[in-house]
Every structure is written in structure tokens, then in C-alpha cells.
Number of protein chains: 2
Amino acid sequence: MDWQTFLSKAGYRLSEPRKRIMKLMEMADKPLNPLAIHRLLREQGVHLGLVSVYRTLELFFSLGLISQVFQPDGLVGYLPVSFGHHHFIVCQNCHKAVEFLGSEDMQELIQRIHSETHYQVRDHLLQFYGLCPECQALLENGDIN
Amino acid sequence: MDWQTFLSKAGYRLSEPRKRIMKLMEMADKPLNPLAIHRLLREQGVHLGLVSVYRTLELFFSLGLISQVFQPDGLVGYLPVSFGHHHFIVCQNCHKAVEFLGSEDMQELIQRIHSETHYQVRDHLLQFYGLCPECQALLENGDIN
DNA sequence: TTGTTATTGATAATATTTTTCAATAAGCCA
DNA sequence: TGGCTTATTGAAAAATATTATCAATAACAA
């Protein structure tokens, strides 16, 4: 089920702003925050209220259509979620992000955490940082770092 | 080497505000953000400028003395780091957090990410959410959720 | 098409973070 | 110990980010 169907079934309307915002996030392969989305849309001539961007992201997030991605510097961005997977690796240079298939062999670690801390484990956040293929090439050429 | 020695050796002064802030974070067993730190110190009669809190956290973070902890709702808090470990589990009810020993058996997953995405993996963020022992008891008594 | 109502956008209010700069105090050295 | 140098602080202001309000608009069901 695509996000548009999902949104409708959940009782929400498929408005133009919502379509624009999701489309932008799908095109951008890096996490975007509300201000960035507003600025980018404006640059391509789409004039949305910033408030709508906030509201839309909040809605999408609460429905699980997008994920929060935490940058190493503490900034938070959003990325559309291919259903079921919620793990990303983010390029430290160009910030391009891709999802990878969540490992389900986390059980052993969860066991260990439980015996170490006595916490009941219910959820987790796992993200990786590194260099995408393009930026690896740049690094080898001495163009970065 | 304790953080005070570390700070000195790095060429920074061991000021009263810095001591207060670190001590507070060490006492609190949950992630604190700048505003919370400012408010808590003020409540216990310590009158610090909010600006100093921001500056101190930035410094501590850049030196690796504290870690950022991401709450499921997107808020960021800070926790002192026991050297070498940077993985936390946060209680979803009372927000109390404890560190657990970082698993070094991440290698296999890193391998898989590399072959799936062709990203060079350099760092990662791994956090768990759950219920601490106290809140598990509350849950069983029907006092929460 | 038309009517109902969720959704938007504009404006204002609030909250958070950063900048600036004079006053203060940490730590070195005599 | 006491003075000197300079990193650090605090206050105020500026900049930035987020949330609230409400009339105007547009999505969608009938």
C-alpha cells in the first residue's frame, strides 16, 4: 500500500501541500528538516506556509510514513520509510542517506542488555555513519578531509 | 583519568559553572537538555547564565566527555560518558538511562551494510528504549500505560 | 455540482539558540 | 601568597526555530 492510499484510509485528505512535501522527501536522498523543506519548495516555485510543513511532518511521522534521522551533530531530519525498515546509513560528507535492511539478529544483544541492566527492551534506534561511494572517491583524490 | 584532569590537560579551565553542570549530569540518571540543566541548577540555588550552559555542553560534547541521547520524540539530551562506552538504554516512562557495554560483535552487520549499500561504515548510533525495573513494576500494578 | 469540514496560510506569540562585549575569576608565575 | 594574564562568564540583544489562532480555501463525499 502506498502512502497516499494509507493516508486516505486513515481518514486524512490528500492535499497538494502534502503531496509536494512527500515528493520532495522522496526525491532528496538525504534527511531534510522543516526549514530545508520549506526553502527547497520555495526555490522550485512552490509557495507553502512553513506552518504546513511542520504540521505535515508531524502527521507523517505519527503515522509512521517517515522516520527521524539523527545527524552526528545533533540535527534531526526526516526520511520516507520503506515499510518495515527503519535503519539508515548517512554519509558524513554529503549527508546522503540510504536504508538498509534491519537486522533481526539483534536478539542476542537485547538479551545481554536485559541481563546487564534489567531493563525490558522494547524498541531501538540504530543508525550508521560513513562515506557513500561518491565521497569515498573524493577522499581518495584528496578532495575532502 | 577523570574529566577534570582531562579538561585541564586539554588546556581548559576548571570553572565553577563547568563543575556544577557536570556534577548535575552525573547525579541525574536521565538525559538533560540545556534548558533543563539551567532550570534544575536554578532550583537548587545555583544561578548560571543559560548561555554558559550551552557553551559548556558544546565543549564537553566536542571533547567526548558527554554523549547525545536521542529521545523517541526527537528531543536531544546529554549524558556523561564512561570512557569507551557510548550506548544507552532509556526508560520510555521515567526517562532514566543507563549505559551498557557496547557490543563489538557489530562487525558482521557492518560487513552486510557495506555489501548492501557500498557505504564505508565509520561510526554508528545505537540506542535502546524500554522500561527500567521500577517502571516495569508500575506497569504490572497497572499504574501506567 | 454543491455542501461540509479538514486543511491551509498569514500573522502573531512563544521558545530556543547564537552573538557580542564588558566584567570576572582560574591558574600561572614571581 | 599575591598579582597578572587571559579564558570564561553573564547580561542583553539578535537571530532562529517552533507553536497557536483563526478566517479563507480546497478536498472529497453525496
Distance check, rounded to the nearest 0.5 Å: A:His95 atom NE2 versus A:Leu32 atom CG?
12.0 Å

Among D:dA17, C:dT8, C:dA6, the nucleotide that comes nearest once only the side chain of A:Tyr54 is considered:
D:dA17

Please give, in whole Å, the distance from C:dT7 C1' to A:Leu7 CG?
12 Å

Using whole Å, what does the distance between atom P of nucleotide D:dA7 and atom NZ of B:Lys9 come to?
21 Å

By nearest heavy atom, map B:Tyr12 and B:Arg42 onto DNA chain D; which one lands nearer the 5' end?
B:Tyr12

May I ask you to test the B:Leu7-B:Met22 pair for a side-chain heavy-atom distance under 4.5 Å?
no

Send over the distance from A:Ile37 CD1 to C:dG9 P, rounded to a whole Å.
14 Å

Using only modelled atom types and a 3.5 angstrom limit, is any donor from either the side chain of B:Arg18 or the base of D:dT8 paired with an acceptor on the other?
no

What is the separation between atom NZ on B:Lys19 and atom C1' on D:dT8, rounded to the nearest whole Å?
14 Å

Under 4.0 Å, counting only non-hydrogen atoms across every strand here, what does A:Leu14 touch: a base, just sugar-phosphate, or nothing?
sugar-phosphate

A:Leu75 atom CG is separated from C:dT16 atom P, nearest whole Å, by 17 Å

Could you tell me the separation between the CG atom of B:Leu125 and the CZ atom of B:Phe88, rounded to the nearest 0.5 Å?
10.5 Å

Let me confirm one number: the CZ-OG1 distance from A:Arg112 to A:Thr117, rounded to the nearest 0.5 Å.
11.0 Å

Hey, does the side chain of A:Ser15 come within less than 4.0 Å of C:dT8's phosphate (OP1/OP2), counting only N and O?
yes

Expressed as a whole number of angstroms, how long is the span from B:Leu57:CG to D:dT8:P?
15 Å

On DNA chain C, does the nearest nucleotide to B:Pro17 precede the nearest nucleotide to B:Val51 from the 5' side, or the other way round? Give the residue.
B:Val51

Could you please name the option among D:dA27, D:dA17, C:dT17 that lies closest to any side-chain atom of B:Leu35?
C:dT17

If you look at every strand shown and take non-hydrogen atoms under 4.0 Å, does A:Leu50 touch a base, only sugar-phosphate, or nothing?
base

Expressed as a whole number of angstroms, how long is the span from A:Arg55:CZ to D:dT25:C1'?
13 Å

Candidates A:Tyr78, A:Trp3, A:Tyr54 - the one meeting ring-ring contact (aromatic ring centres under 6.0 Å, His included) with A:Phe60
A:Trp3

